[in-house]
Engineer: 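To start, I am sharing the structure in question, which I have written as C-alpha cells.
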Amino acid sequence: LIRYETGDIGALDAANCPCKRGLPTIRVLGRAKDQLFSDEGPVLARPLVERLHRELPDALRGRVQVVHTRPRYIVLRVERGADGHAGLSRAAAAGAAVFGHEWHIGTVEVERLARLPSGKLPYFLRLGTRA
C-alpha cells in the first residue's frame, strides 16, 4: 500500500526497488504546501529540515521544530531540557549552518512541542507567510 497526499512532490530514484522486481522507486521530496519563502522565491522545506536534523546533536534530534513566520525568517522551537542549557545555542548554530547567513534564525524554548493526533511531531510549520 502506498499512501501519498495530493500535493506530494516526488522524483523517480535511480535505484530499483529492493524487492528485486526491477521496479522504479520514488523519493518523496516534500509537499507543495511545505515551502520556505526567500527573496528568490519558494523552496521546498523538507530537504532543509532533514539536513537540519542531521546537523543537530543527538540530544536535540526529535526535539526541534522549524517554524517559518515570514520570508527569510525562521524560529527554531526547542523543547525545554533538550541538550541542557546549550540546547538553544546549538540549535541556532545548526540552523545557521544549514540555512546560511541570508536567513534570520531565532530560537525559543518551549515546554513541549505539540504533536499531531497520530502522535507524530510536525518538524515544519508555516505560520503567516505568503508566496
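Computation of the quantities below employed the complete heavy-atom set of this structure, encompassing side-chain atoms and omitting hydrogens, waters and symmetry-equivalent molecules.
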Engineer: Would the number of heavy atoms belonging to other residues, nucleotides or ligands and lying under 6.0 Å from CZ of R21 be above 12?
Structural biologist: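 Check fails, neighbour count at 12 or below.
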Engineer: Let me confirm one number: the CG-CG distance from L56 to L52, rounded to the nearest 0.5 Å.
Structural biologist: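 Here the interatomic distance stands at 4.5 Å.
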Engineer: Do R77 and L125 have side-chain heavy atoms sitting under 4.5 Å apart?
Structural biologist: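 The answer is yes; the side chains approach within 4.5 Å.
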Engineer: Is E79 reaching over with its side chain to a backbone N or O of L113, donor-acceptor style, under 3.5 angstrom?
Structural biologist: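 Side chain of E79 to backbone of L113: a pair is present.
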Engineer: For a side chain to side chain contact (heavy atoms under 4.5 Å, CB included) with V64, tell me which candidate from L76, L121, L88, T107 qualifies.
Structural biologist: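 Result: among L76, L121, L88, T107, L76 is the only option passing the side chain to side chain contact (heavy atoms under 4.5 Å, CB included) with V64.
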Engineer: Hey, does the side chain of R126 reach the backbone of L36 with a donor-acceptor pair shorter than 3.5 angstrom?
Structural biologist: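 Not at all, since once roles are kept as given, no pair shorter than 3.5 Å links the two residues.
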Engineer: Could you tell me which non-hydrogen atom of R90 sits nearest to which non-hydrogen atom of P57, and how far apart they are?
Structural biologist: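 What the structure gives for the nearest pair is CD-CG, 3.9 Å.
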Engineer: Please report the shortest heavy-atom distance between A94 and E55, naming the atom on each side.
Structural biologist: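 What the structure gives for the nearest pair is CB-CB, 4.1 Å.
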Engineer: Rounded to the nearest 0.5 Å, what separates atom CZ in F124 from atom CG in L44?
Structural biologist: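 Nearest 0.5 Å value for the CZ-CG distance: 10.0 Å.
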Engineer: Rounded to the nearest 0.5 Å, what's the gap from CZ on R72 to CD on E40? Could you check?
Structural biologist: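 The distance works out to 8.5 Å.
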Engineer: On a heavy-atom basis, which atom in A91 and which in V78 lie closest, and how many Å separate them?
Structural biologist: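 Minimum heavy-atom contact is CB-CG2, 3.8 Å.
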Engineer: For F37 and W103, work out which heavy atoms get closest and say how close.
Structural biologist: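 Of all heavy-atom pairs spanning F37 and W103, the closest is O-CH2, 3.3 Å.
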Engineer: Just verifying a value: how many Å separate L127 CG and T69 OG1, rounded to the nearest 0.5 Å?
Structural biologist: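 It comes to 7.5 Å.
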Engineer: Identify the residue among D34, V66, L116 that makes a side chain to side chain contact (heavy atoms under 4.5 Å, CB included) with P122.
Structural biologist: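 Testing each of D34, V66, L116 against P122, the sole residue satisfying side chain to side chain contact (heavy atoms under 4.5 Å, CB included) is L116.
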Engineer: Taking only residues two or more places apart in sequence or in another chain, which ones pass ring pair (Phe, Tyr, Trp, His ring centres under 6.0 Å) with Y123?
Structural biologist: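 Residues passing ring pair (Phe, Tyr, Trp, His ring centres under 6.0 Å) with Y123: H53.
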Engineer: To the nearest 0.5 angstrom, please state how far the CZ atom of R54 sits from the CZ atom of R61.
Structural biologist: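 Separation between the atoms: 9.5 Å.
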Engineer: Please check: side-chain N/O of H68 versus main-chain N/O of Y73, any donor-acceptor pairing under 3.5 Å?
Structural biologist: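 Yes, the answer is positive, given that a donor and an acceptor are paired below the 3.5 Å cut-off.
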